[in-house]
Amino acid sequence: MSKARIRVIDLETAGNGPNDVCEIGWQDVVQEVDGIWIVSEERGSLLVNPGRPISPETMAIHHILDEQVANASFWKEIASTVLRPVGRIDALAAHRAAFEQRYCTPRLTGEVSWICTWKCSLRVWPELPRFSNQMLRYQRMPQGLVHEIGLPAHRAMPDAYVTAHHLRDLLNAASLEQLLVWSTEPGLLPRVPAGPERGKSWDRVGTEALSELLRDRDADVRFSAQTELTKRGELGTPTVAEPQQRSLL
């Protein structure tokens, strides 16, 4: 029987268009026979021709040049070879997976489920002050993470490699099924991210202020406020509409 396998994906893009991917990176996480999840040796990256010039704003982040992708394959030609590899795939994963899902559509993925390591980190490590991929890397210092393989930051394979170490630890702290459920819900923020109550844990926020936060533009803030009010018996079950994940956490 083949091992359970999750493929972590990271994308770099030329801009914000629907086909603007200019690099895809991946790193697999697999479950051993004893049930422990590990980061495997299966990783890689491919440059992708976005079909248009890379914007200076995105080039300044990942430093991929137009001439480097000029002869690469287009996204629709190459995506499924990475997203639907030979063998078993139990889920795809990414940090703030909503971004990758914009480009990795169900037609390309075969409608496999996604894990968002950002959302799951909020649940498993709520005591941490920051939840970006790189901040988690240095706050947590995951065991076995080879510093050089995880560099440079903001390139697809190194970022996927770092995310995979967070995913491994999340899977060893909670079940795959639980991570999948959390990933379908908005982010449960450990603290209020902005406004007069900024920095407070939700249990320290008054009911009136929580009611105000129910009207916030950010779906993660609304969901977090709803969850706290539900704990207090003030509301029913929180809504779980997919957010845009714009929280600064």
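Just so it is clear, the values below take in all heavy atoms, side chains as well, and ignore hydrogens, waters and symmetry mates. These figures come from a predicted structure and were not determined experimentally. Numbering starts at 1 and runs along the sequence shown.
- One hydrophobic cluster, built from ILVMFWY side chains closer than 4.5 Å, holds both I78 and L92.
- We find that E185 and K119 are not joined by a salt bridge, their nearest charged nitrogen and carboxylate oxygen being 4.0 Å or further apart.
- Looking at W75, its side chain does come within 3.5 Å of a backbone N or O of Y103 through a donor-acceptor pair.
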### Task
Would you sort out whether C104 and W114 count as a side-chain contact (heavy atoms from CB on, under 4.5 Å), showing the intermediate values?
CA-CA 10 Å; C104 303; W114 282 81; 3.5 Å; yes
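- Atom-to-atom distance recorded for L179:CG and C120:SG is 4.0 Å, nearest 0.5 angstrom.
- A continuous path of hydrophobic side-chain contacts links F99 to L83 [ILVMFWY only; heavy atoms under 4.5 Å].
- S183 contributes a side-chain N or O that, together with a main-chain N or O of C116, makes up a donor-acceptor pair within less than 3.5 Å.
- Each of V8 and I38 belongs to its own hydrophobic cluster when Ile, Leu, Val, Met, Phe, Trp and Tyr are linked at side-chain heavy-atom distances under 4.5 angstrom.
- A continuous path of Ile, Leu, Val, Met, Phe, Trp and Tyr side chains, each step under 4.5 Å between heavy atoms, connects V162 with V146, placing both in one hydrophobic cluster.
- Shown here for E197 and V205, the closest heavy-atom pair between the two residues is CG-CG1, 4.1 Å.
- Using a 4.5 Å heavy-atom threshold, the side chains of V221 and P193 count as touching.
- Heavy-atom neighbours of Q143 CD from other residues, nucleotides or ligands within 6.0 Å: at or below the threshold of 12.
- Taking each heavy atom of V82 and P85 in turn, the nearest pair found is O-CD, 3.3 Å.
- Under the rule for a side-chain contact (heavy atoms from CB on, under 4.5 Å), the partners of Q139 that lie at least two apart in sequence or sit in another chain are L128, P129, R130, M135, L136.
- Residues I36 and N172 form a side-chain contact, since some pair of their non-hydrogen atoms from C-beta on lies under 4.5 Å apart.
- Within the 4.5 Å cutoff, the side chain of L213 has no heavy atoms near those of the R222 side chain.
- Note on residues 156-213: pairs passing ring-ring contact (aromatic ring centres under 6.0 Å, His included), not counting sequence neighbours, are Y161-H165.
- Considering only heavy atoms from C-beta on, I149 comes within 4.5 Å of M157 through its side chain.
- With hydrogens and angles ignored, the 3.5 Å screen pairs a side-chain donor or acceptor of Q31 with a backbone N or O of G35.
- Across every non-hydrogen atom of P152 and P158, the tightest pair is O-CB, 3.3 Å.
- Distance check: I9 CD1 to H95 NE2 gives 15.5 Å after rounding to the nearest 0.5 Å.
- Side-chain atoms of P190 and W125, non-hydrogen and from C-beta on, never get closer than 4.5 Å to each other.
- At distances below 3.5 Å, not a single donor-acceptor pair connects side-chain atoms of D159 with backbone N or O atoms of A153.
- A93 and L167 make their closest contact through CB-CD2, 3.9 Å (heavy atoms, listed as atom of the first residue, atom of the second, distance).
- Residue I115 holds its CD1 atom at 12.0 Å from OG1 of T163, rounded to the nearest 0.5 Å.
- Qualifying side-chain contact (heavy atoms from CB on, under 4.5 Å) partners for L214, counting only residues two or more places apart in sequence or in other chains: A225, Q226, L229, L235.
- Atom CG of L11 and atom NE2 of H62 lie 11.0 Å apart (nearest 0.5 Å).
- Remark: K76 pairs with no residue by the side chain to side chain donor-acceptor pair (under 3.5 Å) rule, at least two apart or across chains.
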### Task
May I have the step-by-step check of side-chain contact (heavy atoms from CB on, under 4.5 Å) for D203 and E228, ending in yes or no?
CA-CA 7 Å; D203 59 356; E228 179 59 31; 4.0 Å; yes
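- In terms of heavy-atom proximity, L171 sits nearest to L176 at CD2-CA, 3.9 Å.
- Qualifying side chain to side chain donor-acceptor pair (under 3.5 Å) partners for T58, counting only residues two or more places apart in sequence or in other chains: S55.
- Proximity of P142 to R168: side-chain heavy atoms (C-beta onward) are separated by under 4.5 Å at one or more points.
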### Message
Pair S121, L170 - check side-chain contact (heavy atoms from CB on, under 4.5 Å), show working.
### Response
CA-CA 7 Å; S121 296; L170 290 165; 4.0 Å; yes
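- Scanning all heavy atoms of the two residues, the minimum distance from E234 to T207 falls at CD-CG2, 4.3 Å.
- Under a cutoff of 6.0 Å and an axis angle of 45°, R96 and W118 form a cation-pi pair.
- Distance check, rounded to the nearest 0.5 Å: NE2 of H147 to CG of L151 gives 4.5 Å.
- Put simply, OG1 on T13 and CG on N19 are 11.5 Å apart, with the number rounded to the nearest 0.5 Å.
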Let me have the donor-acceptor pairs involving side chains of residues 20-30, under 3.5 Å, with sequence neighbours excluded, atom names and distances please.
unit_1, atom_1, unit_2, atom_2, d
D20, OD1, R52, NE, 3.1
D20, OD2, N16, N, 3.3
D20, OD2, G17, N, 2.7
D20, OD2, R52, NE, 3.2
D20, OD2, R52, NH2, 2.8
E23, OE1, R155, NE, 2.8
E23, OE1, A156, N, 3.2
E23, OE2, R155, NH2, 3.0
W26, NE1, E42, OE2, 3.2
Q27, OE1, R43, NE, 2.6
Q27, NE2, S40, O, 2.8
Q27, NE2, E42, O, 3.3
D28, OD1, R7, NE, 2.7
D28, OD1, R7, NH2, 3.4
D28, OD2, R5, NH1, 3.0
D28, OD2, R7, NH2, 3.1

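- A salt bridge is absent between E111 and R84: the closest approach of a Lys/Arg side-chain nitrogen to an acidic carboxylate oxygen does not fall below 4.0 angstrom.
- Here the side chains of R123 and L188 are in contact, with some heavy-atom distance below 4.5 Å.
- No side-chain heavy atom of L65 sits under 4.5 Å from any side-chain heavy atom of I54.
- For D10 (side chain) and A160 (main-chain N/O), no donor-acceptor pair under 3.5 Å exists by modelled atom type.
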### Task
Output, in order, the C-alpha distance, side-chain angles, deciding distance and verdict of side-chain contact (heavy atoms from CB on, under 4.5 Å) for I6 and I89.
CA-CA 6 Å; I6 299 172; I89 286 288; over 6 Å; no
